[in-house]
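Just so it is clear, the structure is predicted and the values come from calculations on it, not from any experiment. What you see below is based on every heavy atom in this structure, not just the backbone, and it leaves out hydrogens, waters and symmetry mates.
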Amino acid sequence: MDTSQTRIKGYVEDIIYRNNENGYCVLDLSVGGELITAVGNLSGVNVGEELEMQGEWTSHAIYGSQFKITDYERRMPKSADDMLRYLSSGAIKGIGPATAAKIVERFEDETFEVLENKPELLSTIKGISQEKAQLICEQFKKQFAVREVMIYLEKFGMKSSECLAAFKVFGMNATSRIAENPYVLCNEKIGLSFERAEEIAENFSFSASSAFRQRAGVIHIIQHNLLNGHTCLPREKIISPACELLGASGDEIEAIIDTLIEDKELVLKSIDSRDFLFLPNLYLEESNIAKRIKVMLDFPPAQGRPVEKDIDEIEEKNSIHFEEKQRLAIMTAAKKGLLVLTGGPGTGKTTTLNGIISLYEKRKLKVLLAAPTGRAAKRMSDVTGREAKTIHRLLEVVWGENDKQSFSRNIRNPLEADAVIIDELSMVDVHLFHALLDALPLGCRLIMVGDSNQLPPVGAGNILHDIIDSGLLPVVALTEVFRQSLESLIVTNAHKIVNGEYPDLSKNDRDFFFLSRGNIISAASTVVDLYTNRLPKAYGYNPIEDVQIICPSRKGELGTVSLNRSLQKLLNPPSPDKEELELSGRIFRQGDKVMQVKNNYDIMWTKGRQSGYGIFNGDIGIIQAVNHNSKIMKILFDDRTAIYAFENAKELEHAYAVTVHKSQGCEFEAVLMPVFAVVPQLSYRNLLYTAVTRAKSRIILVGSKDQVFSMVDNDKKARRYSALKHFLLQED
C-alpha cells in the first residue's frame with residue numbers, strides 16, 4: 001500500500017449503498033470503536049469483514065466527512081461473533097440471520113472451516129438438507145475465490161480495483177489465466193498498460209518471443225497512436241516500432257497482425273489501395289457515423305411551407321439583411337435538415353446561426369443547442385440568447401462499469417428534439433460525435449457549426465475536415481468579411497494568417513499589437529508586466545477577469561507552468577488573510593484563477609436558488625474560499641459557485657496562462673501571446689490562428705517577428721489518419 005496516504009483498519013458494520021455494476025459502495029465502518037463513513041469500489045465486501053484501507057479524508061458537500069478508499073485488503077472474520085455478523089448479513093446465499101445463529105452456535109470458531117470443507121456436518125443442523133448444505137458451501141467457496149484472486153494478484157502490485165476487474169472478467173480461473181498469459185491484463189475491462197503487464201510477466205520468466213506478448217505489443221502500439229488523434233494506422237507503419245518494442249523480425253510481426261485480424265482484435269480495411277488497421281470499436285464508430293449521415297441525407301425532414309417568406313419576415317422583424325451565403329445557409333437548414341456551416345471571424349456566422357434558430361422556432365420546432373466544452377456552450381448561449389449545454393450534458397452522461405463513460409440518451413432513448421445545433425465542431429472527436437448521432441431521433445435536423453481552420457480535436461478523429469472533404473453533405477462556407485469587421489485588425493490579420501499571408505505587425509493603434517523582444521527572458525518579463533500593470537492601467541482591465549495569456553506550450557520560460565508561477569506571486573501572494581491548499585507541489589490560494597482540466601460530473605454547484613452538478617474541461621474560475629476544517633474549496637465559475645472537495649483539486653491548474661489547445665471554444669476580452677522560440681512541433685499556422693481568434697477586443701503578440709512569420713509559413717499540419725471521408729464516399 002502507498003504509505004503517503006492515510007491507512008486505517010476497521011470492521012464493516014453496514015453497507016449503506018452498493019452499485020452492483022461497478023462495485024461502488026458506501027459503508028459504515030467501525031474503526032477503534034468509532035463509526036465512520038467510507039466510500040470506494042469494493043466489490044464483494046460484506047458486513048463483518050475486516051478491511052485494512054488506504055485513502056484520504058474528504059468532505060462531501062451534502063454527506064459530510066468521508067474516508068475515500070483508494071486501495072484495501074480484506075480479512076475474513078476470525079471470531080464467532082464476527083462470523084455471525086458476516087453470515088447474518090446475507091453474504092452467503094441460503095443463510096439468513098436465524099440459520100446463521102444456528103450454524104455459529106453449533107460450530108463456533110470452526111464455522112468457516114465447516115462451510116468451506118465439510119458440507120456433511122452442515123447438513124446435521126435442523127432445516128439444512130444435504131443438497132442445501134452443498135449449495136451453501138459452493139457459495140462460500142465462491143466468496144473465498146474473490147479473496148484468493150485478490151491476494152494472488154496484489155503480490156504483483158495490482159490495485160484492489162484492478163484485481164476485482166480481473167475477477168469479473170475471468171472469474172475463479174483468473175489466477176491460472178494470468179499465470180498462463182499475463183498480457184490478458186491489458187484487456188480493456190481491466191486496463192493495465194502493456195508496460196505493467198511486462199513487469200508482471202517477469203515474475204513468470206515469460207518468453208520474450210511469446211505470441212501472447214507480441215499480440216499485446218502490437219495492440220499497444222496502435223492504442224498509443226490513438227493519443228495522437230489517429231483512428232487507424234497504415235499497416236506498414238506499425239511494423240518498425242513493433243519490431244523495436246518486441247525484438248521481433250518483420251515477418252513475425254506481419255504474422256501476428258494477420259492472427260489479430262483473424263481473431264477480430266484488429267480490423268483491416270483497404271483505403272485508396274493502402275491497408276489500414278483499426279481497433280474494432282473505432283472502426284465501428286467511424287463506419288456507423290457514415291451510415292447514419294447517409295440515412296439522414298436519404299430521408300430529409302418533411303418540407304413545410306416555402307422558406308423565402310419566413311426568411312423575409314425574420315429580416316424585417318430583426319432589422320437585418322442576410323447576405324447571399326447567409327440566406328443560402330438558412331434555406332439549406334430548412335430544406336435539407338443537414339448542414340455544415342463554416343467561417344472565420346467577422347463573416348457573420350453568429351447572425352446566420354440566429355437566423356436558422358429563428359426559422360426553426362417560427363415553424364414550432366424544438367431546438368437544442370450544444371457545444372463540446374462548458375465555456376463554448378456558455379458563449380453559444382450568450383450569442384443566441386438561448387440555453388446551450390455541453391454535448392455530454394445534452395446526452396446525459398453516466399458512468400458504468402470500470403468507470404467507463406456512457407450516455408442515457410441513445411438510439412433506445414433518443415433526444416426530444418426536432419433540430420440539434422452543435423457549435424465548435426472542430427473540437428468534437430469520433431466517440432462523442434458517434435454518441436450524438438446515436439441519440440438523434442429519426443427526422444431530426446442537425447446543424448454543425450465550426451471553423452475548419454482551427455485545431456483538430458484532442459481525441460481521435462477529424463470529423464469536421466472529413467465531412468467537408470467528402471463533398472457529400474451541404475456545406476456553406478462564409479468567406480466575406482463584413483465591412484464593420486474589416487475595421488478590426490484581429491479579423492483582417494486572422495484571415496491573412498489562415499491564407500498564408502503575414503499579418504500586419506506595424507500598426508499599434510487598433511486592436512492587434514506586436515511587441516518585439518530579443519530574448520526569452522525579455523519576452524517573459526514583458527508578458528508579465530503587460531498582464532499585471534500596463535493593460536490594467538491603459539484600458540482599465542481587471543487582469544483576472546478580462547485578460548488571458550495564451551501560450552503555445554506548457555514548458556519553458558514562456559510556457560504556462562512558469563508564467564503561472566510568476567503571476568501568482570505577483571497578483572496573489574501569500575497572505576495571513578488568505579487560506580491556501582498545497583497539493584503535489586502546487587499551491588491553490590484564495591483569489592487564484594484556475595481551470596478545470598477534466599470533465600467532472602459529480603462536483604456540485606449553485607447559482608442563486610438553482611443547483612446542479614458538473615464542472616467541465618476548460619471551465620475557468622476564481623477560488624473564493626479554502627476551508628481546511630471541512631476540506632472543501634469554493635470556486636466561482638462565471639455565475640456558478642462550485643463546491644470542491646480537496647481531492648478534486650488535482651483536476652485544477654492555474655489559469656493566468658493557458659495553452660492554445662485549452663483555450664479552444666473560448667473568447668476573451670484581451671489576449672496576450674508569447675511568440676518566441678516556439679518548439680517546431682507547435683510552430684504552425686492554425687495554432688497561431690486559433691490563438692488570435694480567441695481575442696474579442698484586443699490581442700498583443702510578444703516576441704519575434706521571424707517566429708510569427710515562421711508559424712504562418714508552416715501549414716504542414718500533423719498528419720492525422722482517419723477514415724470517415726472514405727466511409728462516406730464508399731458504396732454501401
Discussion item. Name the residue from Lys598, Arg554, Lys593 that meets the salt bridge (charged side-chain N to carboxylate O under 4.0 Å, His left out) definition with Glu653.
Written reply: Arg554
Discussion item. Is there a salt bridge (charged side-chain N to carboxylate O under 4.0 Å, His left out) between Glu579 and Arg589? Walk through the geometry before answering.
Written reply: CA-CA 6 Å; Glu579 291 287 342; Arg589 185 175 296 127; over 6 Å; no
Item to complete: Indicate whether the side chain of Glu286 and that of Thr231 have a donor and an acceptor atom separated by less than 3.5 Å.
Response: yes
Item to complete: Check whether NZ of the Lys or CZ of the Arg Arg698 lies under 6.0 Å from the centre of the six-membered ring of Phe512 and within 45 degrees of that ring's axis.
Response: no
Worksheet entry | Residue list, side-chain contact (heavy atoms from CB on, under 4.5 Å) with Lys507, at least two apart or on another chain | Leu489, Asp504, Asp509, Arg510
Worksheet item: Going by atom types only, do Asp511 and Ser488 share a side-chain donor-acceptor pair under 3.5 Å?
Response: yes
Discussion item. Between Glu315 and Arg327, does any NZ, NE, NH1 or NH2 come within less than 4.0 Å of an OD or OE carboxylate oxygen?
Written reply: yes
Item to complete: Using side-chain contact (heavy atoms from CB on, under 4.5 Å) as the criterion, point out the one residue from Asp546, Val547, Ile550, Ile549 that pairs with Phe668.
Response: Ile550
Item to complete: Give a yes or no answer on whether the side chain of Asp592 reaches the backbone of Val594 with a donor-acceptor pair at less than 3.5 Å.
Response: no
Worksheet item: Would you say the side-chain atoms of Gln596 and Tyr644 include a donor-acceptor pair closer than 3.5 Å?
Response: yes
Worksheet item: Between Asp466 and Ser722, is any side-chain donor less than 3.5 angstrom from a side-chain acceptor?
Response: yes
Worksheet item: Is a donor on one side and an acceptor on the other found under 3.5 Å between the side chain of Arg685 and the backbone of Val712?
Response: yes
Worksheet item: Distance only, no hydrogens: is a donor on one side chain within 3.5 Å (strictly under) of an acceptor on the other, for Asn453 and Asn686?
Response: no
Worksheet, complete the sentence: One should read off an interatomic distance between Thr342 OG1 and Leu478 CG, to the nearest 0.5 angstrom, of 6.5 Å
